[in-house]
Amino acid sequence: QVQLVESGGGLVQAGGSLRLSCAVSGRTLSSFNMGWFRQAPGKEREIVARINWRGASTYYTDSVKGRFTISGDKAKNTMYLQMNSLKPEDTAVYYCAADRNYGLGLKEAEYDYWGQGTQVTVSS
């Protein structure tokens with residue numbers, strides 16, 4: 001059974017950094033395309049970043065380009081989201097997700113497995 005477990009969220013001041021981790025169990029990291037989503041209060045869940053291990057390609061939503069970096073450690077079977085220069089508008093619950101069909105990976109419906117989420121709060 002595939003499980004995704006996020007960690008690394010917390011409270012940080014604007015301009016600070018956090019690194020989120022998503023530990024994968026049940027399958028190897030390279031079995032999926034993987035993504036990070038976030039959901040702010042009162043808003044829909046949105047894609048933040050996605051990584052395609054096969055082509056080593058990444059996608060970032062415009063609002064995080066240049067500040068966030070998605071990566072993975074296959075030996076640890078863990079995906080990361082390094083978040084720098086955080087802004088109050090980055091405050092949200094962050095979720096990792098896995099797509100076993102290697103799709104484009106920009107929409108929630110493409111993902112088969114989800115973590116429980118980790119809260120990120122950025123104070124001004």
Side-chain angles (χ1 to χ4, degrees):
Q1 183 175 351
V2 175
Q3 289 190 321
L4 309 180
V5 179
E6 301 102 334
S7 61
L11 173 64
V12 64
Q13 288 188 332
S17 298
L18 284 173
R19 188 177 78 158
L20 305 183
S21 299
C22 174
V24 179
S25 62
R27 296 276 293 274
T28 61
L29 197 63
S30 56
S31 298
F32 311 102
N33 282 350
M34 297 197 67
W36 286 98
F37 286 76
R38 66 185 179 187
Q39 187 168 23
K43 295 187 177 181
E44 294 185 351
R45 192 153 54 180
E46 63 172 352
I47 182 78
V48 176
R50 185 268 291 145
I51 188 163
N52 176 324
W53 307 112
R54 288 179 170 180
S57 67
T58 56
Y59 165 86
Y60 297 94
T61 195
D62 286 346
S63 61
V64 308
K65 284 180 181 176
R67 300 188 298 121
F68 291 11
T69 302
I70 188 171
S71 65
D73 184 331
K74 293 181 181 180
K76 295 183 178 180
N77 226 35
T78 299
M79 178 179 67
Y80 303 100
L81 185 68
Q82 178 66 43
M83 305 186 295
N84 299 328
S85 302
L86 282 161
K87 304 176 180 180
E89 50 263 44
D90 294 318
T91 295
V93 178
Y94 284 71
Y95 299 88
C96 67
D99 165 23
R100 62 186 176 187
N101 295 311
Y102 301 101
L104 192 60
L106 301 183
K107 298 182 179 181
E108 284 188 66
E110 297 181 74
Y111 289 84
D112 304 286
Y113 306 101
W114 291 82
Q116 81 288 353
T118 185
Q119 177 71 47
V120 171
T121 303
V122 184
S123 63
S124 57

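Of the possible polar contacts, one joining the Asn33 side chain to the Gly103 backbone as a donor-acceptor pair under 3.5 Å is found. Counting only distance, with no hydrogens or angles, the side chain of Tyr111 and the backbone of Gly105 share a donor-acceptor pair below 3.5 Å.
Here the CH2-CZ distance, from Trp36 to Phe68, works out to 11.0 Å after rounding to the nearest 0.5 Å. Expressed to the nearest 0.5 Å, how far CZ of Arg67 lies from OH of Tyr60 amounts to 12.0 Å. Between the CG atom in Asn101 and the CD atom in Glu110 there is a gap of 9.0 Å [rounded to 0.5 Å]. Note: Asp99 CG to Asp112 CG = 6.0 Å, rounded to the nearest 0.5 Å. Separating the CD atom in Glu6 from the CH2 atom in Trp114 is a distance of 9.5 Å, to the nearest 0.5 Å. The line from OG1 of Thr69 to CE of Met83 is 11.0 Å long, rounded to the nearest 0.5 Å.
Residue pairs meeting the salt bridge (charged side-chain N to carboxylate O under 4.0 Å, His left out) criterion with at least one member in residues 28-43, sequence neighbours excluded, are Arg38-Glu46, Arg38-Asp90. Legend: ring pair (Phe, Tyr, Trp, His ring centres under 6.0 Å) pairs involving residues 79-109, not counting sequence neighbours: none detected.
Counting heavy atoms from C-beta outward, Lys107 and Ile47 have side chains that stay 4.5 Å or more apart.
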Open item on the list: Go through it in stages, so that I can follow the logic: the residues are Ser71 and Gln82, the test is side chain to side chain contact (heavy atoms under 4.5 Å, CB included), and I'd like the CA-CA distance, side-chain angles, deciding distance and then a yes or no.
Closed with: CA-CA 8 Å; Ser71 65; Gln82 178 66 43; over 6 Å; no

TODO: Begin with the C-alpha distance, continue with both residues' side-chain angles, and end with the deciding distance and a verdict on side chain to side chain contact (heavy atoms under 4.5 Å, CB included) for Lys74 and Thr28.
DONE: CA-CA 8 Å; Lys74 293 181 181 180; Thr28 61; over 6 Å; no

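Under a hydrophobic clustering in which Ile, Leu, Val, Met, Phe, Trp and Tyr are joined whenever their side-chain heavy atoms come within less than 4.5 Å, directly or via other members, Val93 and Leu4 fall into different clusters. Hydrophobic clustering, with ILVMFWY side chains joined whenever heavy atoms are under 4.5 angstrom apart, groups Tyr59 together with Leu104. Cluster annotation: Trp53 and Leu81 are assigned to the same hydrophobic cluster (Ile/Leu/Val/Met/Phe/Trp/Tyr, side-chain heavy-atom contacts under 4.5 Å, transitive).
Scanning all heavy atoms of the two residues, the minimum distance from Met79 to Cys96 falls at CE-CB, 3.6 Å. Residue Val64 comes nearest to Val48 through the heavy atom pair CG2-O, 3.7 Å, listed as atom of the first residue, atom of the second, then distance.
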Which atom pairs, donor and acceptor, lie under 3.5 Å between side-chain atoms of residues 13-27 and protein residues at least two apart or in another chain?
| unit_1 | atom_1 | unit_2 | atom_2 | d |
| --- | --- | --- | --- | --- |
| Ser17 | OG | Asn84 | OD1 | 2.9 |

